[in-house]
Amino acid sequence: MIALSLAEIAAATSGRVVLAGDATPDTLVDGYVDTDSRKIAPGDVFVAKPGEATDGHNFVGAARDAGAALALVEREVDVAIPQIVVTDVVAAIAELAREVVARVRAGGELRVIGITGSNGKTTTKNMLRRILEDEGETVAPIASYNNAVGAPLTMLRVRESTKYLICELGADAPGQIARLAGLVTPDVGVVLMVGLSHAGGFGGIDHTARAKRELIEQVRPGGVAVLNADDHRVAAMASTAEERGLTVRRFGESDAADVRASSIVVSASGTDSVLDIDGSRLPLHLRVLGAHHVKNAMAALTAAIALGVEPAAAVARLETIELAERWRMQVMGSERVRIINDAYNASPDAMQAALRTLAQITGEGERMVAVLGAMSELGEHDVEEHSKIGLLAVRLRIPRIVVVGRDARALFLSAVAEGSWSDEAVFFETADEAYDYLKDELRDGDRVLVKSSNAAGLRFLGDRLGELFS
């Protein structure tokens, strides 16, 4: 965070200063801001966020002992550390982020990029960070810091020397993207796609589309809207962008795209394509598996070009990326048994893409194995969408489908109903039961996809299998 006095922080957060030791209202604080006392280092700011399981106020002492210079609290704590007492710490860090970004931006160098979409946000963020970090100091979210807490914590990492701030913006209800994007009014807004992710919270895919459009509505005048030309709901956001005076840049396989991909080939060594960028053709080899990652790469490229990055340089930097993110198409195991751990997140679109990738990278004489868990937050679409995935897995001729968890049972029943032989799909209540089965079932030449939403916990099953067969 940039250096601010206790008084300035209190003013930005509408808080009350409680002094301790030799601190005064003019005492400057410039450390990182975090809600986890275990991550606090000397000079940092600890945010005492109340939670369902634990209360951050109980860890103010631990943060002080770790060297925290300030605690942001909702009630005064009997610990000798300067404190700023606010009504709501989550709202307070958002307002503090707004103030910090505005001050840095006033220096004239900072450019802000917002990224949203039902799938692909984290991968696109990582790709764009790799492109931009060679252009200047770049701040981007850790993991998937994209909610009401994580997004402001990322924003608060900017300093006067920061040239680019990348904000990953997620939401599970209307209005959340508008609030987060409104803190920083991005120069570039990227909308990847509209799918059924969090459909239960939005009330349907059309409501999801309206929520994603909130980002375009918050891009500052004269900015750029980067839109997926292949998703008609995203493409329709161009009218909103143009009404607001934004420049529209499109990516995709459509002829309407400014950055267009063709000749996409997926293999065990990565994903190849040819890019047409404003009339120039460039080959792209991604080490990351999956045709869907070409779309993410195009989104990152389109945003980078809008910021003035030379296309060939941007492509070259993308080709150095070996892993999109931990637990996202992460290749583990060995040549004997290859594990693809993609169990950090899952939506119907992402699940379909992962299954198709498994089919594309499995060679002759090798066996496909799909270890599948539940997709979260689908609301009334839950049974239907899980059933579709079971149907697709069988139609892709995946000979071993391992379904884990009661919430994914509809997927298993669909696979059994569609299957042409009795033992095509098996079901286990727990990941431990699935592990015990798989450690004996898997054999040389198997190519194994582990895919589920984060809540299902199969990413740890993928880790265990990767270690077992490494």
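Everything numeric here is computed off the predicted structure, so don't read it as measured data. Throughout, residue positions are numbered sequentially from 1 according to the sequence presented.
At least one donor-acceptor pair under 3.5 Å links the side chain of R244 to the backbone N or O of V219. Counting only distance, with no hydrogens or angles, the side chain of D230 and the backbone of G252 share no donor-acceptor pair below 3.5 Å. Proximity of a side-chain donor or acceptor of S37 to a complementary backbone N or O of A63 within less than 3.5 Å is not detected. A distance-only check finds no donor-acceptor pair linking the side chain of K439 to the backbone of Y435 [under 3.5 Å]. Formation of a donor-acceptor pair under 3.5 Å by the E214 side chain with backbone atoms of G175 is found in this model. In terms of modelled atom types and a separation under 3.5 Å, the side chain of D342 and the main chain of K451 share no donor-acceptor contact. Judged by distance alone, the side chain of R213 and the main-chain N or O of A236 form no donor-acceptor pair under 3.5 Å. Side-chain atoms of H285 do not come within 3.5 Å of backbone N or O of E319 as any donor-acceptor pair. With hydrogens and angles ignored, the 3.5 Å screen pairs no side-chain donor or acceptor of T124 with any backbone N or O of A300. Looking only at distances, a side-chain donor or acceptor of D446 sits under 3.5 Å from a matching main-chain atom of R443.
Shown here for M368 and T362, the closest heavy-atom pair between the two residues is CG-OG1, 3.2 Å. Looking at every heavy atom in both residues, I177 comes nearest to K212 through CD1-CD, 3.9 Å. Nearest heavy atom pair, residue S452 against residue L458, reads OG-CB, 3.4 Å. Contact record, S453 with A346: OG-O, 3.1 Å, taken as the closest heavy-atom pair. Pairing each heavy atom of R233 with each of D206, the nearest pair is NE-OD1, 3.3 Å. Nearest heavy atom pair, residue I389 against residue P348, reads CD1-O, 4.0 Å.
By the 4.0 Å N-to-carboxylate-O rule, K388 lies close enough to E385 to be salt-bridged with it. Using a 4.0 Å cut-off between a side-chain N of Lys or Arg and a carboxylate O of Asp or Glu, E168 and R129 do not qualify as a salt bridge.
Atoms CZ and CZ, on R98 and R179 in that order, are 11.5 Å from each other to the nearest 0.5 Å. R157 CZ to D34 CG: the interatomic distance, rounded to the nearest 0.5 Å, is 8.0 Å. Taking CG of N296 as the start and CZ of F251 as the end, the distance is 8.0 Å to the nearest 0.5 Å. Rounding to the nearest 0.5 Å gives a distance of 13.0 Å between CG of D231 and CZ of R250. For the atom pair CE (M329) and CG (L358), the distance works out to 8.0 Å, reported to the nearest 0.5 Å. Interatomic distance, L289 CG to S269 OG, rounded to the nearest 0.5 Å: 8.5 Å.
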Only pairs under 3.5 Å count here: list side-chain donor-acceptor contacts from residues 302-318, not counting sequence neighbours, and write none if there are none.
| from | atom 1 | to | atom 2 | distance (Å) |
| --- | --- | --- | --- | --- |
| T302 | OG1 | M298 | O | 2.6 |
| E310 | OE1 | A312 | N | 3.1 |
| E310 | OE1 | A313 | N | 3.0 |
| E310 | OE2 | A312 | N | 3.4 |
| R317 | NE | D134 | OD2 | 3.4 |
| R317 | NH1 | I131 | O | 2.7 |
| R317 | NH1 | E135 | OE2 | 2.9 |
| R317 | NH2 | E135 | OE2 | 3.0 |

Audit row: R356, L392, side-chain contact (heavy atoms from CB on, under 4.5 Å) steps and yes/no: CA-CA 9 Å; R356 290 193 174 98; L392 175 64; 4.0 Å; yes
Show your working on side-chain contact (heavy atoms from CB on, under 4.5 Å) between L449 and L355 and close with a plain yes or no. CA-CA 8 Å; L449 170 70; L355 287 170; 3.9 Å; yes
Intermediate values then yes/no, side-chain contact (heavy atoms from CB on, under 4.5 Å), H292 and N119: CA-CA 10 Å; H292 53 297; N119 300 113; over 6 Å; no
Could you go step by step and tell me if R464 and V450 meet the side-chain contact (heavy atoms from CB on, under 4.5 Å) rule? CA-CA 11 Å; R464 292 175 70 188; V450 183; over 6 Å; no
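Using a 4.5 Å heavy-atom cutoff, the side chains of I340 and R447 are not in contact. Counting heavy atoms from C-beta outward, D278 and D258 have side chains that approach closer than 4.5 Å. Put simply, the side chain of D463 reaches to within 4.5 Å of the side chain of N341, judged on heavy atoms. Side chains of T271 and V266 form a contact here, defined as non-hydrogen atoms less than 4.5 Å apart. Within the 4.5 Å cutoff, no side-chain heavy atoms of P174 are placed close to those of H207.
A cation-pi contact links R159 to Y32, judged by a cut-off of 6.0 Å to the six-membered ring centre and 45° from its axis.
Within 6.0 Å of CD on E467 lie no more than 12 heavy atoms contributed by other residues, nucleotides or ligands. Open room surrounds CD on E109; 12 or fewer heavy atoms of other groups in view lie less than 6.0 Å from it.
The side chain to side chain contact (heavy atoms under 4.5 Å, CB included) test with L165 singles out one residue from V104, V139, I113, T138, and that residue is V139.
Counted by atom type alone, N454 and R459 present one or more donor-acceptor pairs between their side chains at under 3.5 Å.
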